[in-house]
There are 2 protein chains.
Amino acid sequence: MIDRDGLPALSMRTVAAELDRRTMALYRYVEDREELECLVVDLALGGVLDRAVDSAADPAVDPAVDSAVDPVRSAVPSAGPRVRLLALLELMREAVGAHPGVLPLAVRHHGGCPPALRWRERLLEALADAGLDAPRRAAALHALVSYVIGALELEHQAAVAAAPGGASVPETFPLLAAALAARATADPAQAFADGARTVLDGLGLGPGPGPGLG
Amino acid sequence: MIDRDGLPALSMRTVAAELDRRTMALYRYVEDREELECLVVDLALGGVLDRAVDSAADPAVDPAVDSAVDPVRSAVPSAGPRVRLLALLELMREAVGAHPGVLPLAVRHHGGCPPALRWRERLLEALADAGLDAPRRAAALHALVSYVIGALELEHQAAVAAAPGGASVPETFPLLAAALAARATADPAQAFADGARTVLDGLGLGPGPGPGLG
DNA sequence: CCTCGTAGGTGTATGCCGTACGCCAAAACT
DNA sequence: AGTTTTGGCGTACGGCATACACCTACGAGG
C-alpha cells in the first residue's frame with residue numbers, strides 16, 4: 001500500500017478498507033497505530049535483511065558455492081570482515097530501497113524491529129571477527145548505524161524534493177551549489193558505498209590483509 | 001512551545017492559542033503547516049549555528065583572543081581543518097541539543113533552512129582548506145552530514161525510549177545487548193565526537209600536521 | 001473629507017485522523 | 001447445552017489542517 005499510494009495514505013481506515021474490514025476490526029490484532037507501523041517495518045525489512053541471517057544458519061544451501069559469490073551469505077570469515085560489513089550495509093540500503101516510503105517508519109521503529117536487531121547483531125559479529133574488542137565494537141556500531149540512517153534519510157529526501165524543480169540554493173553558497181550539483185548527477189548507490197567505505201577506513205578496517213592491527 | 005510540551009503539541013490551533021489569535025489568523029503569515037515548521041527550524045537552529053558564521057565575518061570581536069579559544073569562531077585557517085570541522089559538527093549537535101524535540105522537523109526541512117545551508121557551506125570551506133578538490137568535497141560532505149543526521153537521530157531515540165524501562169533486547173543477541181548497555185552508560189557527547197573523529201579519519205583528515213597527502 | 005482597497009482577524013464548515021465504548025454473531029471448548 | 005472466546009460492526013468524540021466567506025480598522029488617493 002505504501003509503495004502504491006505513499007506513506008501518508010497509510011491509516012487505520014485505509015488498511016481496513018484494503019482488507020475489506022471496517023476499521024475497528026484492526027484493533028483486534030493491533031494495540032494501536034504504533035504497533036501496526038512496527039509490523040509494516042518488520043514486513044518491509046524482513047524479506048531482504050533476513051536473506052543474510054537465514055542462509056548463514058541454513059545448511060540446505062551449499063556454502064562452498066554461495067560463499068564464493070555473495071559475501072553476505074557466507075558464514076565463514078574468509079571473505080574478510082571489511083567485505084562482509086560493506087555487504088551488510090548495502091543490504092540495508094537495498095531493503096529500504098525496495099520500499100522507500102517506509103523509511104520514516106523504519107527510522108522511528110528500528111529499535112523494536114526484530115529484523116533490524118538481527119542485522120545489527122550480524123554487524124557486531126563481523127566487527128568481532130575483525131578483532132575489535134567490546135568497547136570498540138560499540139563505538140564502531142554507533143558510527144556505522146549513524147551513517148546508514150543519515151545516508152538513507154538524505155537519499156530519501158533527495159528523491160522526494162527532486163519533483164518540483166529544485167530547491168534553488170542561493171548563489172551565496174557557491175561551494176554548496178557545486179557539491180549538490182555533483183551529488184545530483186552521481187549514482188546514489190555509488191555515493192552510499194563510498195561513504196560506507198570512508199567510515200570503515202576511519203574504523204581502521206582498511207582494505208588490507210586483515211585484522212592485523214588489533 | 002516544543003521544548004515545553006513536546007513536538008506533538010505543535011499544531012496550528014496551539015500556536016494560535018499561544019499568540020491569543022484564532023487559528024486561521026496564522027494563515028495570513030504562513031502558507032500552511034509545512035512553512036510554519038520551516039520557520040520553527042530556522043528559529044531553533046539559527047541561534048546556535050549562526051554563532052560561527054556571524055562572528056567569523058564580524059570584525060567587532062577580537063580575533064586574536066577568540067581564535068585561540070574557540071576554533072569555530074576563527075576565520076584564520078591556522079586552527080587546522082580537522083579541528084574546525086570537528087567543532088562545526090559539535091556545533092550542530094549543540095544546536096539541536098538545545099531544542100531536542102525539533103529534531104524530526106530539522107531533519108525533514110534542513111534542505112530549505114538557511115542556517116543549515118550556511119552550516120554546510122562552512123563545512124565545505126573547511127574541507128577546501130584541507131586541500132580536497134570538488135568531487136572529494138562532495139563525497140566528504142555527504143559522509144559527514146549523513147553521520148551527523150544519523151547520530152543525532154539515534155541519540156534522540158535513545159532519549160525518548162529510555163522512559164518506560166528498556167526495550168529489552170532478547171538474549172538471542174548477546175553482542176548487541178552488550179553494545180547497547182555500554183552505550184547507555186557512556187557520555188552521549190563523547191560518543192558523538194568519537195564517531196565524528198572516525199569519519200574524519202576515514203576521509204584522510206587525520207590529526208597530523210595538515211593537508212599533506214593531497 | 002470621504003472613499004476604498006487592503007491587511008489582519010474571525011466564524012463556520014468539511015473531511016480527514018486515531019480510537020474509546022458497547023453490541024452482536026459465530027465458533028470453540030466444557 | 002451452555003459458556004467463553006474470537007472476530008467484527010456501528011457509533012461517537014475530540015483533534016487536526018484548511019477552504020471559504022465575512023467583518024473591521026486603517027492608510028492612501030481622489
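Values reported hereafter were calculated over all heavy atoms of this structure, with side chains retained and with hydrogens, waters and symmetry mates removed. Residue numbering restarts at 1 for every chain, and letters A, B, ... go by the order of the sequence lines.
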Quiz prompt | Side-chain touch B:L19/B:L26, heavy atoms, less than 4.5 angstrom | solution = yes
Exercise. Flag the pair A:D201 / A:R82 as yes when at least one side-chain heavy-atom distance between them is below 4.5 Å, and no otherwise.
Key: yes
Quiz item: Is the shortest side-chain N/O distance from A:R22 to OP1 or OP2 of D:dG8 below 4.0 Å?
Solution: no
Quiz item: So how far is it from B:R120 CZ to A:L180 CG, rounded to the nearest 0.5 Å?
Solution: 5.5 Å
When you compare the protein's N or O atoms with those of nucleotides 13-17 of chain C, which come within less than 3.5 Å of each other, and at what distance?
from, atom 1, to, atom 2, distance (Å)
C:dC17, OP1, A:S11, OG, 3.2

Quiz prompt | Lys/Arg N to Asp/Glu carboxylate O, A:R108 vs B:E153, below 4.0 Å | solution = no
Quiz item: Between the main-chain N or O of A:L49 and the side-chain N or O of A:W119, is there a donor-acceptor pair closer than 3.5 Å?
Solution: no
Quiz prompt | Heavy-atom check, side chain of B:L175 versus side chain of A:L123, under 4.5 Å | solution = no
Quiz prompt | Neighbours of DNA chain D within residues 23-32 of chain B, by heavy-atom distance under 4.0 Å | solution = B:T23, B:M24, B:Y27, B:D32
Quiz item: In terms of side-chain geometry, is the basic nitrogen of B:E125 or B:R84 positioned less than 4.0 Å from the acidic oxygen of its partner?
Solution: no
Quiz item: Starting at CZ of A:R21 and ending at P of D:dC9, how long is that distance when rounded to a whole Å?
Solution: 6 Å
Quiz item: With a cut-off of 6.0 Å (strictly less than), are more than 12 heavy atoms of other residues, nucleotides or ligands near CZ of A:R136?
Solution: no
